[in-house]
Amino acid sequence: MTDAVEAAATGADAVRDDHYDVHAAEAKWLDVWAELGLYRAGDDDDPRPRKYILDMFSYPSGDLHMGHAEAFSIGDVGARYWMMRGYNVLHPVGFDSFGLPAENAAIKRGLDPVAWTYANIATQAEGYRKFAVSFDWSRRLATSDPDYYRWTQWLFLRFFERGLAYRKASPVNWCPNDQTVLANEQVISGRCERCDAVVTKRNLTQWYFRITEYADRLLDDMAQIEDGWSDQVLTMQRNWIGRSVGAEVDFVVEGRAEPVTVFTTRPDTLFGATFFVVAVDSDLAAELAAGNESEAAYLVYREQVAAISDVERQATDRPKTGVFLGRYAINPVNGERMPIWAADYVLADYGTGAIMAVPAHDQRDLDFARAFDLPVRVVVDNGETETITSGTAVPGDGRLVNSGQYDGLSKDDAIERITADLAKQGKGKKAVNFRLRDWLLSRQRYWGAPIPIVHCATCGEVAVPDDELPVRLPESSTVDLAPKGVAPLATATDWVNVACPTCGGAATRDSDTMDTFVDSSWYFLRYCSPTYPDGPFDPAEVRRWMPVAEYTGGREHAILHLLYARFFTKVLFDLGLVDCEEPFTRLYNQGMVIMAGSKMSKSRGNLVNLGDELVAHGVDAVRVTMLFAGPPEEDIDWADVSPTGALKWLSRVWRLAGEIGPAPEIDEVEDPPLRRVTHGTIAEVTRLVEGHRFNVAIARLMELTNAIRKSVDAGHLGAPSVNEAMAALTTMLAVFAPYTAEECWERLGHAPSVHQQSWPVHDPALSTAQTVTCVVQVNGKVRDRLEVPPDVDEAALRELALSCDGAERAIAGAAVRTVVVRAPKLVNIVV
RNA sequence: GGGCGAGUGGCGGAAUGGCAGACGCGCACGGUUCAGGUCCGUGUAUCCGUAAGGAUGUGGGGGUUCAACUCCCCCCUCGCCCACCA
């Protein structure tokens with residue numbers, strides 16, 4: 001402060017040469033802030049309105065990287081803004097600390113996953129602290145804490161009790177590299193999301209969450225969050241759930257007691273069904289081929305299909321393959337015999353794994369029919385059915401033909417009538433199908449929450465009693481961690497062998513651990529009462545804080561974490577544990593930080609090290625760079641932005657604060673236009689911050705900086721309006737550049753902390769201008785500008801506009817046809 | 001193949017249907033300087049013009065409107081997601 005006073009006294013020149021040492025400022029304030037306890041959420045009796053501001057917690061990989069810096073810069077603005085607006089803000093931090101990297105470090109380098117993980121957490125926590133994120137550190141948690149996973153297990157048991165967690169055998173995605181199964185959501189175009197290895201199928205008995213039971217609600221409840229989530233994420237979730245409405249139709253199969261049911265969205269095309277296809281890898285296919293002369297051919301074909309990877313199998317331009325099974329199904333509407341084929345274009349795990357093929361109206365069926373010379377029959381005529389002979393199916397709308405009593409009906413009418421008639425005859429019914437599959441949650445890995453189930457030969461699957469939770473992980477030294485396709489926990493014999501909780505007989509623990517997405521599906525609830533000993537969370541606290549007002553994180557979680565967290569919340573709602581059905585009211589997905597046009601990666605050699613950037617430009621400049629680069633949801637190309645420019649601005653502000661300092665006010669040098677700029681800026685920045693338009697908000701603060709600079713240079717040092725402007729600038733800067741704002745606040749002669757100040761309030765009387773610039777257009781082209789009072793009369797403005805120089809020149813004697821007057825901003829003269 | 005989103009100066013990007021290019025980067029020129037990655041000022045879409053001023057201009061083509069970056073239709077390009085889902 002003494003420096004600032006002295007500088008102000010010795011004149012501007014001395015200050016301008018002053019150097020803003022960002023690192024000194026960083027070193028200076030962290031402890032002060034910690035002592036003031038600035039960001040701790042208020043207690044139960046805090047009268048302020050509450051707001052829960054959440055950033056997606058991170059995997060503790062060690063130091064923060066550029067992606068973290070962007071995400072947390074964005075989330076922090078919201079948290080700080082609402083704190084300054086007088087809200088009781090919960091802005092917690094934690095670590096998603098179970099997962100493969102810890103285990104891989106253990107396997108590769110012989111490190112203890114516990115020690116490795118917690119060392120990384122310490123490093124990352126320090127990184128967050130230096131980055132000055134306004135976290136309430138008192139609520140910090142880690143999903144690998146026994147205190148946390150105890151409740152993950154507890155929640156699993158509640159799901160288990162309700163039948164929402166169950167075990168089944170089925171072909172599952174298998175990553176041959178990580179030696180573990182993967183959820184559908186973790187398979188990206190046939191490859192492992194983590195390691196990019198080509199995923200194969202294995203038939204295994206695994207644990208699932210019955211998320212499909214919630215498919216309808218996951219779709220319907222999107223209405224509650226439509227205003228707060230981007231269309232992009234909502235659409236992705238909708239597509240992922242993939243609800244389709246149609247009918248289930250029963251087909252009698254010759255020589256089989258039970259009919260076979262198929263799902264179709266087009267029951268109106270039933271008369272066009274000319275053959276029948278079952279998934280080659282389904283049980284039904286094997287059954288139909290069994291003991292049949294076609295069995296040999298079927299088995300060969302099944303071998304061929306099994307040999308190709310999912311990646312190849314899913315290539316849509318692949319020619320259709322299949323074998324005739326020598327069996328026939330009867331079309332329920334016309335009694336026709338349809339040959340049954342096995343093919344790999346029909347999926348075993350969607351619908352019933354069997355379809356009626358309507359080649360005229362489905363491209364895939366037509367491709368198949370042409371490959372095997374099967375009949376094609378048009379049943380919906382749209383006037384352009386001749387394309388079928390050249391290989392293009394007619395999928396759309398039209399009138400029914402070749403369909404007996406239904407001829408002439410429209411598609412929609414036919415769907416309704418045929419479905420109703422089938423239902424009457426007991427041969428079918430209206431049905432809904434989902435693309436969404438149940439969530440496979442078992443993982444054959446060590447570093448995760450053990451599944452709290454004991455397998456007993458007499459009692460079956462037995463839940464570990466609640467009071468025996470947590471089922472702790474055995475010491476890593478007692479476990480063989482090497483990937484071998486068997487769960488590592490199974491090798492810890494002392495741990496695995498237990499007495500059955502029900503009958504006391506010899507039993508074994510389930511040796512799989514849970515997918516880490518289970519951990520992250522409820523962490524936002526634990527934050528509300530992180531040390532609550534009697535349950536996963538204190539329902540009263542959750543009622544007070546939930547739902548989350550603003551949730552910030554990467555778009556990569558659009559269908560993984562965000563879908564699972566919504567599912568968990570709904571189950572907990574049904575259990576009566578939470579009040580809200582949707583956990584996140586507003587979702588903000590920030591873009592990525594890329595480098596020179598492409599994703600940063602080691603192999604590309606274009607990694608930008610956050611630590612280096614922080615050393616070169618300081619925390620605040622990096623934050624401002626991230627926020628000023630563009631809209632938060634867009635990617636930032638680090639090659640296109642200028643941290644130096646950001647630092648330049650911050651230095652300008654800092655020097656201005658030094659020049660203005662705590663010097664006494666001198667009323668005689670007042671600068672009224674500056675007041676208008678100040679109050680106009682406050683109004684706009686407030687609106688922009690609330691709308692997450694941070695890049696524009698910063699642009700407005702830069703303009704205010706320029707205005708103050710001009711005023712000071714014009715000799716207004718000491719004017720109350722200058723002090724007011726500088727104070728407003730400094731307090732608003734606090735949400736973007738916490739260190740610099742604090743430093744400026746001190747230079748202005750105030751005690752810490754600027755972060756305890758209220759967000760400035762604008763005075764509408766001061767922010768409205770005395771005059772408005774009115775644009776005069778002739779035929780839509782700007783020809784002149786007039787300074788007019790904001791409440792100018794329409795008729796008067798019209799006359800003024802018609803007689804101004806620019807308009808007269810452009811009209812040049814032509815006849816005026818119309819004059820559009822939008823007082824006070826615009827007049828358009830049409831000639 | 002389907003769905004969603006986006007195309008604006010040399011660059012990142014501004015603009016409730018009403019002044020296109022705010023703000024910043026870069027660049028140019030000038031000033032200051034005890035030599036620095038951190039200062040001040042001026043200019044900077046394109047074309048014609050010394051200037052005043054004029055013409056053109058928001059991926060391309062049409063349309064609605066007094067007025068279109070903005071709304072509607074067609075096309076092109078790019079990005080993301082899903083991808084044989086019956």
Side-chain angles (χ1 to χ4, degrees), chain A residues 12-13 15-22 188-190 230-236 238-240 242 244 246 262-266 269 277 313-318 320 343-347 349-352 354-358 362-365 367-368 433-437 555 558-559 616-617 621 624-625 628-631 633-637 639-652 654-655 693 695-703 705-706 709 713 773-782 784-785 806 809-810 817-822 825-831:
Chain A
D13 285 350
V15 179
R16 276 181 201 176
D17 291 340
D18 215 349
H19 175 85
Y20 175 35
D21 183 341
V22 288
I188 312 295
S189 0
S230 69
D231 288 345
Q232 200 192 359
V233 173
L234 290 173
T235 309
M236 280 168 76
R238 253 181 223 116
N239 291 345
W240 187 261
S244 33
V262 304
F263 174 75
T264 176
T265 54
R266 295 293 304 272
T269 62
V277 189
R313 184 170 167 181
Q314 283 167 7
T316 45
D317 48 0
R318 236 174 92 240
K320 291 281 180 287
D344 65 354
Y345 83 95
V346 171
L347 307 176
D349 57 354
Y350 182 78
T352 59
I355 63 155
M356 64 177 209
V358 185
D362 183 287
Q363 191 59 50
R364 297 153 301 181
D365 295 345
D367 293 344
F368 193 85
N433 232 302
F434 295 95
R435 210 194 74 103
L436 183 72
R437 310 294 150 85
R555 199 160 312 153
I559 40 181
H617 314 288
V624 168
T625 304
F628 185 59
E633 64 275 14
E634 300 292 325
D635 288 351
I636 297 172
D637 192 330
D640 290 339
V641 295
S642 171
T644 331
L647 181 54
K648 229 155 127 178
W649 173 54
L650 294 172
S651 303
R652 253 160 82 82
W654 180 86
R655 277 194 310 276
R693 317 263 325 276
N695 56 328
V696 190
I698 289 174
R700 295 292 167 263
L701 292 183
M702 287 173 169
E703 285 175 297
T705 309
N706 295 342
R709 175 82 263 159
D713 287 350
T773 306
C774 175
V775 175
V776 181
Q777 300 181 332
V778 177
N779 288 344
K781 287 198 165 71
V782 182
D784 212 337
R785 291 179 173 81
R809 196 167 42 232
R817 285 229 317 266
T818 335
V819 182
V820 180
V821 183
R822 291 280 177 275
K825 299 192 85 167
L826 179 129
V827 178
N828 190 12
I829 301 163
V830 186
V831 300

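Residue numbering restarts at 1 for every chain, and letters A, B, ... go by the order of the sequence lines. Keep in mind that what you see is a predicted model, and the values were worked out from it rather than measured.
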Between [N] and [M], how far is it from one [atom1] atom to the other, in whole Å?
| N | M | atom1 | value |
| --- | --- | --- | --- |
| B:C73 | B:G3 | P | 14 Å |
| B:U56 | B:A20 | C1' | 13 Å |
| B:A15 | B:G59 | P | 16 Å |
| B:C25 | B:G41 | P | 12 Å |
| B:C39 | B:C78 | C1' | 42 Å |
| B:U65 | B:G60 | P | 23 Å |
| B:U70 | B:C80 | P | 26 Å |
| B:G5 | B:C40 | P | 43 Å |

In this structure, how many angstroms lie between the [atom2] atom of [N] and the [atom1] atom of [X], rounded?
| X | N | atom1 | atom2 | result |
| --- | --- | --- | --- | --- |
| A:Gln363 | B:C84 | CD | C1' | 11 Å |
| A:Asn239 | B:C80 | CG | P | 17 Å |
| A:Leu234 | B:C81 | CG | C1' | 14 Å |
| A:Ile559 | B:C4 | CD1 | C1' | 13 Å |
| A:Arg435 | B:C81 | CZ | C1' | 10 Å |
| A:Met236 | B:G79 | CE | P | 17 Å |
| A:Glu703 | B:G21 | CD | P | 13 Å |
| A:Lys781 | B:A68 | NZ | C1' | 13 Å |

*Could you check whether the rings of A:Trp654 and A:Tyr20 sit parallel, tilted or perpendicular, using 30° and 60° as the cut-offs?*
parallel
Considering only heavy atoms from C-beta outward, does the side chain of [X] approach that of [Y] to under 4.5 Å?
| X | Y | value |
| --- | --- | --- |
| A:Asp365 | A:Ile355 | yes |
| A:Thr269 | A:Met356 | yes |
| A:His617 | A:Thr644 | yes |
| A:Thr625 | A:Ser642 | no |
| A:Asp367 | A:Tyr345 | no |
| A:Met702 | A:Arg652 | no |

Base, sugar-phosphate alone, or nothing: which one does [X] contact when heavy atoms must sit under 4.0 Å apart?
| X | answer |
| --- | --- |
| A:Thr644 | sugar-phosphate |
| A:Ala639 | nothing |
| A:Ser642 | sugar-phosphate |
| A:Val277 | nothing |

_Anti versus syn assignment for B:G30, with syn defined as within 90° of 0_ = anti
What is the base-pairing partner of [N], counting Watson-Crick and G-U wobble geometry with both distances under 3.5 Å?
| N | result |
| --- | --- |
| B:G41 | B:C29 |
| B:A55 | B:U46 |
| B:G18 | B:C66 |
| B:G5 | B:C78 |

Between [X] and [N], does any side-chain N or O lie under 4.0 Å from OP1 or OP2?
| X | N | answer |
| --- | --- | --- |
| A:Ser244 | B:A86 | yes |
| A:Arg652 | B:C40 | yes |
| A:Tyr350 | B:A86 | yes |

_side-chain contact (heavy atoms from CB on, under 4.5 Å) against A:Asn779, all qualifying residues, sequence neighbours excluded_ = A:Val830, A:Val831
_Assess, by modelled atom type and distance only, whether the side chains of A:Asn828 and A:Arg822 contain a donor and an acceptor separated by less than 3.5 Å._
no
*Scan nucleotides 7-19 of chain B nucleotide by nucleotide, 5' to 3', and note B when protein non-hydrogen atoms come under 4.0 Å of the base, S if they reach only the sugar-phosphate, - if neither.*
----SBSSS--BB
*Does the distance from a Lys or Arg side-chain N to an Asp or Glu carboxylate O, for A:Asp362 and A:Arg266, drop under 4.0 Å?*
no
*So which one's nearest nucleotide on RNA chain B is more toward 5', A:Asp21 or A:Asn779?*
A:Asp21
*5' precedence on RNA chain B between A:Arg809 and A:Val22 (nearest-nucleotide basis)*: A:Val22
*Consider the side chain of A:Val830, meaning its heavy atoms from C-beta on, and name the nucleotide among B:C82, B:C66, B:A22 that approaches it most closely.*
B:C66
